[in-house]
Structures are given as C-alpha cells and as structure tokens.
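Here's the structure we're looking at; comments come further down.
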Number of protein chains: 2
Amino acid sequence: MSEKPEQKLRKRNIKPTAMRELVLKVLTDQKTAISLPELEQKFEKADKATLYRTLKTFEKQKLIHSIDDGTGPVKYALCLEECSCSVNDLHVHFHCTKCNKTYCLHEIPVPSVNLPKNFSLESVDMVVQGICANCK
Amino acid sequence: MSEKPEQKLRKRNIKPTAMRELVLKVLTDQKTAISLPELEQKFEKADKATLYRTLKTFEKQKLIHSIDDGTGPVKYALCLEECSCSVNDLHVHFHCTKCNKTYCLHEIPVPSVNLPKNFSLESVDMVVQGICANCK
DNA sequence: TATAACTTTGCAACCCGGTTGCACTTATTA
DNA sequence: TAATAAGTGCAACCGGGTTGCAAAGTTATA
C-alpha cells in the first residue's frame, strides 16, 4: 500500500503545500519521466517558475532524480523509497526514439567501469536509446 | 602518420573549404571534446551559424560525434578513423566535474545491457562523472 | 568563357528551456 | 496579534540552438 503524498513529502523533509502535493501526484501517476515543459501543460494554472522550483526542491531532497536523455528538456522521475541517489542507487534509463518517453529501468543497475589511472568516479549516467515495448 | 585535414574531409565526403579545415584543425588539436560556444571563442571572426552548420555536417558524415554530458552545451569530439558510429564503436565518456573537460575513453567500450522484454536497443550514451587525472 | 545552378557563408532574428528578481500571499512562530 | 519566514506568481532575462535569407564563392554546362 502506498502512503499519502503528504507523508512522502514529510519523509524527505519537504513542507507539504497544496502545489507540491499536486506535482507529486502527477509524478506518481506517471509511469515515465516528465519534463518541466510537459509538467507545465498538465497544469493550466500553475506558473513555470513555481513548478521549476518545486522540481528543484524535490531533486535536492532526493524525492526525484533528473535524466538528460539528450532530446532537449531534462526529465524527472520519482526515486525509489530507499534511494539516496548514491552510486549504488544508479540505474539505467531508456529513451524510446519513437514515442519519446523515458523510462527508469530500476531493476537494471548501471554496470561498473574501470577508469584509466587517476580518474575517479563520482557518478554515472547511462541512457539506452531504442524502441520501447509499447511502440514495438 | 596523420593525414592532411583536406584528405580527412574528403574521405568522409565533406567538401574541404577553408572554414572546415580550420574547424577540423581545432578539433584535432583538442584532446577533449569542445562545445559550439567554446568553438566560437576560438574564432574571433567566424559566425556562430556557420560553425554550427559545420559541426552538423561533420556529425552527419561521422567525422565527429556529439556528447551531452549534462552540463549544458553539447560537446563534439573527433571519431576514430574507422568509426561508423555504430553500436560497436560506442565508448564511454568521462566528464570532469572540476575542470569541466569531457574525454572520450576510446579504449573503454560501452558495456552491454540486458533490456526488458520487447525493448530494443539502438544506441547507448554512457557518461561517467568524476575527477580526471589532471585535476587529481 | 559566359552563364546558370548549386553550395557555403554571414547576418539577423527567433525559439525554447532554464533561471532569477521582486512583490505578494500564505504559513509559522514569538 | 505582530513579526518573520517560506512559498507562489509574474515578468524579464540568459544562453544554446536553429532557421531564413541574401551575398559570396564554387562547380557544372553550353
């Protein structure tokens, strides 16, 4: 059973305002990542800057993470409950070149890489491009 | 022995104009990837649109490839001689969070991933974030 | 060689995602 | 309740990317 949006926000130390609960709801209903422009369209009323700052707050508190699939606007998706956005939590993302949807493949961790001498690793972004199951 | 820029362009079916040879030279001298804004700064004279179109032409003809390291402008780097930008030619990129330089790790191929059922793979972008040997 | 056809370049303008300043409203706290 | 802080809305701006169009340069054709 999933907990209430309000609790989910509190758990991440985000003050639960009406606006934020609405945005969280959209993010929760969404199976794929969503960009700021897309989010704007989902709200007739809300202001771009507010939504922008909401996403930034969510990201900072690790409620969501950002994905740059290279197709323009950055997209955002919910983190898993236990996620702390550390290297261990990283997963592969998939971008469908047909429907332009971007998926979190939570079950596929980012493979490890052996870097050249004296290169140290902080994080990894891995985006697979292709056709998703829906478009096949 | 490296061949003349002019030949390098011809080999990729790019008409070798003065402009293009200059841009190719900059790209060749560069050890790390370069963005359009950075390229602009290297030329006092040349126009942004021309440089933009030059890069697009180079990319289309697979003389260079683009890298989006998530820090803003897209960067470009020379392909290897034999590169055809197919999945086999893909390599890992490294972005240094300190000096903001982006490296092609040609010797590190992108690891393979097992996608979920009915997801098909066309390409992969893998960018490792960290500190490079120079900044260490 | 002259002319026509095409390609490349330069300039200007535009688009769009992202970001910030500031005033106003809403919550918190003393 | 007054004072303070946090959140929101509006407007404006920035910067990378992109396009239209005319001028300059190149190539092909008669």
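Basis for what follows: all heavy atoms, side chains included, without hydrogens, waters or symmetry-related copies. In the text below, chain A, chain B and the rest are named by the order of the sequence lines, each starting its count at 1.
Position along DNA chain D of the nearest nucleotide to A/M19 versus B/S35 favours A/M19 as the more 5'-ward residue. Taking the nucleotide of DNA chain D with the nearest heavy atom to each of A/T54 and B/Y76, the more 5' of the two is matched to A/T54.
The nearest whole Å value for the distance from the CD1 atom in A/I34 to the P atom in C/dG18 is 12 Å. Distance A/N100 CG to C/dG17 P: 12 Å, rounded to the nearest Å. In this structure, the NZ atom of A/K60 is 15 Å from the C1' atom of C/dT19, given to the nearest Å. Taking atom CG of residue B/L36 and atom P of nucleotide D/dT19, one finds them 13 Å apart after rounding to whole Å. Rounded to an integer number of Å, the gap from CD of A/E40 to C1' of D/dC10 is 13 Å. Rounded to whole Å, atom C1' of C/dT8 lies 14 Å from atom CG of B/L22.
Side-chain atoms of B/V74 lie closest to D/dG17 of the nucleotides D/dA12, D/dG17, D/dT8. The nucleotide whose nearest atom lies closest to any side-chain atom of B/Y52 is, among C/dG18, D/dC10, D/dT18, D/dT18. Among the nucleotides D/dG17, C/dT8, D/dG9, the one closest to any side-chain atom of B/R20 is C/dT8.
Looking at heavy-atom distances under 4.0 Å, A/K15 makes contact with sugar-phosphate atoms alone, never a base. At a threshold of 4.0 angstrom between heavy atoms, the contacts of B/K56 are confined to the sugar-phosphate backbone, with no base atom among them. At a threshold of 4.0 angstrom between heavy atoms, the contacts of B/T17 are confined to the sugar-phosphate backbone, with no base atom among them.
Between B/F119 and A/Y103, the ring planes lie perpendicular to each other; the angle is over 60°, past the 30° to 60° tilted range. Classified by interplanar angle (parallel below 30°, tilted 30° to 60°, perpendicular above 60°), the ring pair B/H106/B/H65 is perpendicular.
The environment of A/N114 atom CG is sparse: at most 12 non-hydrogen atoms of other residues, nucleotides or ligands sit within 6.0 angstrom. When the shell of 6.0 Å around NZ of B/K136 is examined, it contains more than 12 heavy atoms from other residues, nucleotides or ligands.
Within 3.5 Å, a donor on the side chain of A/R53 pairs with an acceptor on the base of D/dG9, or the reverse. No hydrogens or angles were tested; on distance alone, nothing pairs the side chain of A/K48 with the base of D/dG9 as donor and acceptor under 3.5 Å.
A salt bridge links B/E81 with B/K11: at least one charged nitrogen is closer than 4.0 Å to a carboxylate oxygen.
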